[in-house]
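The block underneath contains the structure these notes are about, expressed in structure tokens.
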Amino acid sequence: MTAFEDAAGLREAAMGREISVDTLFVREQKVRRDFWGKLKRVAGNVPFVDDLVAAYFCAMDPATPMRVRGMLLAALAYFIMPIDVIPDIVVGLGFADDMALLTAVVGLVSANITPIHRAAAARALDKDLPDTSAHGQG
């Protein structure tokens, strides 16, 4: 299987194609192993880093429905791939396909990405948590 065929398969899975429990397990292991290293290398070039990390925490949450986990894991595995439809090394465009896929998947599963996942992402990215109290607005 070529990298392009693998990328196409990941896109299909991310958009909701059924996947087996074995495939889910393999993707989860790959994402756990490679996600943080890839993120550290490219974080400054990825404008969607907050959603990306929140999606990671949602995908790793056992309380997240399996179909949602499968979609998120496929999108995250696509992000990790060094060769996809638009290679990540192409300046200015390299993450456009990754961003489009992740934006679509996050849109489909947004109800499952909880404030807890977003807070974990903010902590992982060492960001201040947003002040959602009435005192913080204004």
Side-chain angles (χ1 to χ4, degrees):
M1 176 177 283
T2 68
F4 186 79
E5 289 169 342
D6 194 32
L10 287 171
R11 278 194 321 274
E12 288 178 23
M15 297 311 293
R17 185 189 73 195
E18 291 294 321
I19 62 171
S20 71
V21 173
D22 291 338
T23 300
L24 181 76
F25 178 76
V26 169
R27 286 207 185 114
E28 182 177 349
Q29 296 307 308
K30 178 170 182 44
V31 169
R32 282 186 191 276
R33 184 185 68 234
D34 298 340
F35 177 77
W36 294 107
K38 171 83 178 239
L39 187 66
K40 285 178 185 176
R41 288 191 305 276
V42 302
N45 300 320
V46 179
F48 54 97
V49 70
D50 294 333
D51 282 339
L52 186 65
V53 177
Y56 173 86
F57 282 109
C58 184
M60 296 303 153
D61 183 349
T64 300
M66 187 172 130
R67 183 168 187 263
V68 171
R69 291 182 73 211
M71 292 170 69
L72 289 170
L73 287 167
L76 293 167
Y78 186 83
F79 166 74
I80 291 168
M81 286 183 62
I83 298 173
D84 49 36
V85 176
I86 302 173
D88 296 342
I89 60 169
V90 176
V91 177
L93 293 176
F95 292 105
D97 58 327
D98 303 76
M99 184 170 70
L101 181 62
L102 185 71
T103 299
V105 172
V106 167
L108 290 171
V109 303
S110 62
N112 294 279
I113 300 176
T114 67
I116 293 170
H117 300 135
R118 295 210 179 270
R123 281 191 304 276
L125 294 168
D126 199 27
K127 292 185 175 186
D128 291 334
L129 298 177
D131 186 357
T132 57
S133 69
H135 301 291
Q137 299 174 4

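Just so you know, these numbers come straight off a predicted model, no measurement behind them.
- Looking at every heavy atom in both residues, Met71 comes nearest to Leu108 through CE-CD1, 3.7 Å.
- Arg118 approaches Ala54 most closely through the heavy-atom pair NH1-CB, 3.7 Å.
- Using the six-membered ring where Trp is involved, Phe35 and Tyr56 have ring planes that are parallel, under 30° apart on the 30 and 60° scheme.
- Between Val68 and the choices Asp61, Val105, Val109, the side chain to side chain contact (heavy atoms under 4.5 Å, CB included) rule is met once, by Val109.
- Heavy atoms from other residues, nucleotides or ligands lying under 6.0 Å from CD1 of Ile116 number 12 at most.
- Note that the CG atom of Asp51 and the OG atom of Ser110 stand 10.0 Å from one another [nearest 0.5 Å].
- Distance check, rounded to the nearest 0.5 Å: CD of Glu28 to CG of Leu76 gives 11.0 Å.
- Between Val106 and Ala55, the shortest heavy-atom distance links the atoms CG2-CB, 4.5 Å.
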Exercise for review: Please lay out, stage by stage, how Met66 and Val21 fare under the test side chain to side chain contact (heavy atoms under 4.5 Å, CB included).
Suggested key: CA-CA 9 Å; Met66 187 172 130; Val21 173; 3.6 Å; yes
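- Taking both residues in full, the closest heavy atoms of Ala124 and Val53 are given as CB-CG1, 4.2 Å, listed atom of the first, atom of the second, then distance.
- One hydrophobic cluster, built from ILVMFWY side chains closer than 4.5 Å, cannot hold both Phe25 and Tyr78; they sit in different ones.
- Counting heavy atoms from C-beta outward, Leu52 and Leu102 have side chains that approach closer than 4.5 Å.
- We find the CZ-CG distance between Arg67 and Asn112 to be 10.5 Å, quoted to the nearest 0.5 Å.
- Side-chain N or O atoms of Thr64 include none that pairs as donor or acceptor with a backbone N or O of Arg69 at under 3.5 Å.
- Connection of Leu125 to Val31 is established within a shared hydrophobic cluster, with ILVMFWY side chains joined at heavy-atom distances below 4.5 Å, either directly or through further cluster members.
- For the atom pair CG of Leu73 and CZ of Arg32, the computed distance is 8.5 Å after rounding to the nearest 0.5 Å.
- Checked for salt-bridge contact, Lys30 and Asp34 meet the test: a charged N lies under 4.0 Å from a carboxylate O.
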